[in-house]
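One structure is given here, and the rest of the page talks about it.
The figures that follow rest on heavy atoms only: side chains count, while hydrogens, waters and symmetry mates do not.
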Amino acid sequence: MFIQTQNTPNPSSLMFVPGKPVLEKGGHNFASAREAMASPLAKKLFVIDGVQNVFFGTEFITVSKSEDHAWSTLKPEIFAAITEYYNSGE
């Protein structure tokens with residue numbers, strides 16, 4: 001699986017494009033780990049220290065991080081969580 005990233009206007013947010021559908025239609029925002037309990041993928045992402053918000057679009061996932069965490073540390077963990085989710089068939 002090859003996941004592309006795209007910058008957003010907000011430097012604390014990064015778009016991840018897994019090349020597979022994320023949602024059938026619309027979008028869904030998860031503002032907390034509690035809200036993410038309804039989604040196995042969002043739940044996996046919120047386990048990562050520094051993740052503050054997750055947004056699903058039809059073909060992308062936008063993750064927002066806290067100011068005190070670097071993308072260089074978070075990106076590999078996010079890639080792993082997304083890959084694990086799609087490979088598991090959840």
Hydrophobic cluster partners of Met15 (side-chain heavy atoms under 4.5 Å):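 Other cluster members: Val17, Phe55, Phe60.
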
Connected hydrophobic set around Phe2, excluding itself, where side chains approach under 4.5 Å: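 Members other than Phe2 - counting any ILVMFWY side chain reachable under 4.5 Å - there are none.
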
Min side-chain heavy-atom separation Ile82-Leu45 under 4.5 Å: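 Contact flag for Ile82/Leu45 side chains = yes.
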
Contacts of Lys44 that satisfy salt bridge (Lys or Arg N to Asp or Glu O under 4.0 Å) - sequence neighbours left out: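 If we apply the salt bridge (Lys or Arg N to Asp or Glu O under 4.0 Å) test to Lys44, skipping adjacent residues, the hits are Glu84, Glu90.
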
Side chain to side chain contact (heavy atoms under 4.5 Å, CB included) assessment of Phe16 paired with Lys75: CA-CA 9 Å; Phe16 295 82; Lys75 280 171 52 174; 4.2 Å; yes

Main-chain N/O of Pro11 paired to Trp71 side chain as donor or acceptor, under 3.5 Å: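 Judged by distance alone, yes, a pair lies under 3.5 Å.
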
ILVMFWY network linking Leu23 to Tyr85, side-chain heavy atoms under 4.5 angstrom: yes

Which atoms form the tightest heavy-atom contact between [X] and [Y], and what is the distance?
X     : Y     : result
Gly57 : Val22 : O-CB, 3.3 Å
Ala42 : Phe56 : N-CZ, 3.7 Å
Asn53 : Phe46 : CA-CZ, 3.9 Å

So, taking the atom named [atom1] in [X] and the one named [atom2] in [Y], what distance separates them when rounded to the nearest 0.5 Å?
X     : Y     : atom1 : atom2 : result
Lys20 : Glu59 : NZ    : CD    : 13.0 Å
Asp49 : Ser66 : CG    : OG    : 7.0 Å
Gln52 : Ser64 : CD    : OG    : 7.5 Å
Leu41 : Tyr86 : CG    : OH    : 6.0 Å

No-hydrogen, no-angle side-chain donor-acceptor test under 3.5 Å, Glu24 and Thr58: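 No, no side-chain donor-acceptor contact under 3.5 Å.
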
Between Thr8 and Asn10: side-chain donor-acceptor atoms closer than 3.5 Å: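 Judged by distance alone, the side chains do not pair up.
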
Of Leu14, Ile78, Leu74, the residue whose pairing with Lys65 passes side chain to side chain contact (heavy atoms under 4.5 Å, CB included): Leu74

